[in-house]
Amino acid sequence: MQVYISGLGAYIPPNIYTNADICEAIGLPVAKGKRYEALLGVRERPICVDYRDGGRQIVSGEDLAYSASLAALEDAGLAASDLDAVIACSAFFDYIAPPISSRLLKRLGIEQAYTLDLIGGCAEFLHGVHVASNMIRLGQARTVLVTSSETINAWWAQTRFPIEHFIFGDTGGAMIVTDKPSAYRIADCHLSTKSKIANEPAELICMPIIGGKAPPKPFYEAKPASPDIRHLSSIDDEYRLVHSVHQVALAAPTAMCEATRLMIKRNDLDCNAVYLVPHQASINVLNALGDTGIPAGQIGISLPTRGNMSTSSVPVTWAEHREEASRHKHLVMTSVGVGMSYGAMLLEQH
């Protein structure tokens with residue numbers, strides 16, 4: 001059975017912060033923000049909190065997913081009642097329970113449907129689309145909504161180092177996966193998880209849950225926070241977000257290049273006929289994707305104005321580069337995230 005993508009949606013909250021805005025909010029010199037911009041490639045990003053009001057969250061993950069879902073349904077020409085299942089993907093969310101997928105049913109006015117939440121890193125959206133396509137092939141559903149939503153910046157109090165404030169953006173994305181012939185057919189997919197990177201445990205990012213838990217070991221190779229780093233709250237260090245920069249720099253470009261080249265080789269593709277939609281990790285990671293053989297002008301980049309959107313990177317970047325992507329017969333989505341989970345999915349214009 002063939003499976004298709006029939007609708008695509010994205011939602012960008014209106015609260016946009018430049019690097020200078022963030023420096024002012026957390027008490028850093030503007031020069032520091034410029035240094036992070038040069039390092040990461042992000043000059044501004046949407047943020048779900050209002051730093052000017054004490055860091056109060058003003059947009060929820062559910063809001064992001066809901067707005068992106070409405071856009072995807074409209075794009076597909078469908079009503080919410082046409083959905084058989086909802087799969088919600090997120091790395092940073094607002095509720096442990098109930099999950100986003102079941103909350104979306106209520107927001108969308110769906111009385112009953114299969115729901116599933118994939119909670120993890122940046123590659124989870126591709127896993128969500130893959131699960132949806134397998135459900136359709138097995139006859140368990142005909143139309144599935146896959147959403148992504150990230151409220152990473154709402155966790156600002158658990159930031160260990162200032163750099164984390166300058167890389168992430170909060171957005172929502174959605175796709176409709178269906179058995180009905182549509183513009184793009186899912187032609188191939190490869191997803192996997194590696195437990196080690198260069199013989200070290202693969203732990204790109206670690207962030208324990210606060211409250212009554214046994215003190216975790218954030219990273220096997222973690223170093224204590226430098227004494228000159230100003231902490232933004234009284235949360236103990238063992239419950240803070242830890243970003244293994246050296247593992248990301250080593251593994252992220254390698255993994256996405258590997259998965260993309262596999263799609264190209266396995267399907268005997270002409271790189272000039274491929275548009276690549278990658279996870280927006282950092283500018284260095286995106287620049288390394290030239291090693292896939294796909295021309296630089298055929299690689300979607302939203303990072304400078306959206307930041308690293310985690311699970312929302314792929315659907316939002318595709319939505320923002322839809323016109324350019326449509327000029328090419330093939331579209332490859334690729335992502336890498338904590339775990340280390342990574343992979344790529346090939347779509348073919350139908």
Side-chain angles (χ1 to χ4, degrees), residues 7 9-11 13 48-49 57-73 78 80-136 138 140-158 168-177 191 193 205-213 216 239 241 279 309-316 335 337-339 341:
Y11 179 71
C48 69
V49 302
Q57 186 173 353
I58 57 176
V59 180
S60 71
E62 176 191 333
D63 292 334
L64 296 171
Y66 173 69
S67 296
S69 298
L70 293 181
L73 286 167
L78 297 174
S81 57
D82 295 318
L83 298 174
D84 302 309
V86 174
I87 299 176
C89 310
S90 181
F92 292 82
F93 43 90
D94 302 316
Y95 295 90
I96 298 295
I100 293 174
S101 62
S102 63
R103 295 178 68 88
L104 278 176
L105 290 194
K106 302 173 184 67
R107 288 286 294 271
L108 293 168
I110 303 171
E111 290 190 9
Q112 183 176 350
Y114 175 84
T115 62
L116 174 67
D117 287 70
L118 297 179
I119 299 170
C122 307
E124 293 307 301
F125 187 81
L126 286 187
H127 284 271
V129 175
H130 185 55
V131 169
S133 67
N134 284 338
M135 288 179 64
I136 291 170
L138 290 170
Q140 297 173 335
R142 299 194 63 186
T143 306
V144 182
L145 169 67
V146 183
T147 74
S148 64
S149 56
E150 297 297 353
T151 55
I152 306 176
N153 288 290
W155 298 65
W156 64 269
Q158 283 181 258
F168 295 115
D170 304 319
T171 62
M175 288 184 194
I176 306 294
V177 186
L191 295 169
T193 299
I205 295 178
C206 184
M207 187 166 159
I209 295 175
I210 296 176
K213 304 293 182 181
Y239 295 112
L241 187 154
H279 167 50
M309 298 171 277
S310 190
T311 58
S312 292
S313 281
V314 165
V316 171
S335 192
V338 298
S341 182

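- Electrostatic pairing of Asp82 and Arg142 does not count as a salt bridge here, judged by no charged N lying under 4.0 Å from a carboxylate O.
- Here OG of Ser335 is found 5.0 Å from NE2 of His279. Values are rounded to the nearest 0.5 Å.
- Shortest non-hydrogen contact noted between Gly61 and Thr151 is N-CG2, 3.3 Å.
- Of all non-hydrogen atoms in Thr147 and Ser69, the two that sit nearest each other are CG2-OG, 3.2 Å.
- Partners of Ser341 under the side-chain hydrogen bond (donor to acceptor under 3.5 Å, both in side chains) rule, at least two apart in sequence or in another chain, are His127.
- For the atom pair CG (Leu64) and OG (Ser90), the distance works out to 9.0 Å, reported to the nearest 0.5 Å.
- For the pair Arg103/Tyr95, a side-chain contact is recorded, criterion being any heavy-atom separation below 4.5 Å from C-beta on.
- Nearest heavy-atom pair, Met135 versus Ile87, reported as atom, atom and distance to 0.1 Å: SD-CD1, 4.3 Å.
- Expressed to the nearest 0.5 Å, how far CG of Leu104 lies from OG1 of Thr115 amounts to 9.5 Å.
- The two residues Thr171 and Pro13 have their closest heavy-atom pair at CA-CD, 4.2 Å.
- Here Ala68 pairs with Tyr11, Ala174 under the side chain to side chain contact (heavy atoms under 4.5 Å, CB included) rule; sequence neighbours left out.
- Two residues are said to be in side-chain contact when any heavy atoms from C-beta on lie closer than 4.5 Å; Asp170 and Val59 fail this criterion.
- Taking the six-membered ring where tryptophan is involved, the planes of Trp155 and Phe93 are perpendicular, since the angle between them exceeds 60° and thus also 30°.
- Between Leu105 atom CG and Glu111 atom CD the span is 10.5 Å, to the nearest 0.5 Å.
- Closest heavy-atom contact between Ala88 and Ser101: CB-N, 3.7 Å.
- A donor-acceptor distance shorter than 3.5 angstrom exists from the side chain of Asp84 to the backbone of Thr143, with no hydrogens or angles considered.
- Note that CG of Asn153 and SG of Cys48 are 6.0 Å apart. Values are rounded to the nearest 0.5 Å.
- Put simply, the side chain of Asn134 reaches to within 4.5 Å of the side chain of His130, judged on heavy atoms.
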Side chain to side chain contact (heavy atoms under 4.5 Å, CB included) between Gln140 and Tyr114, worked out:
CA-CA 10 Å; Gln140 297 173 335; Tyr114 175 84; over 6 Å; no
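- Under the side-chain hydrogen bond (donor to acceptor under 3.5 Å, both in side chains) criterion, Ser312 pairs with Ser148, not counting sequence neighbours.
- Within the 4.5 Å cutoff, no side-chain heavy atoms of Val314 are placed close to those of Val129.
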Exercise for the section: Apply side chain to side chain contact (heavy atoms under 4.5 Å, CB included) to Ile176 and Leu73, showing your working. Expected result: CA-CA 7 Å; Ile176 306 294; Leu73 286 167; 3.8 Å; yes
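- Closest non-hydrogen pair, Ser149 versus Thr311, comes out as N-OG1, 4.0 Å.
- Considering CG of Asp63 and CD of Gln57, their distance stands at 8.5 Å, rounded to 0.5 Å.
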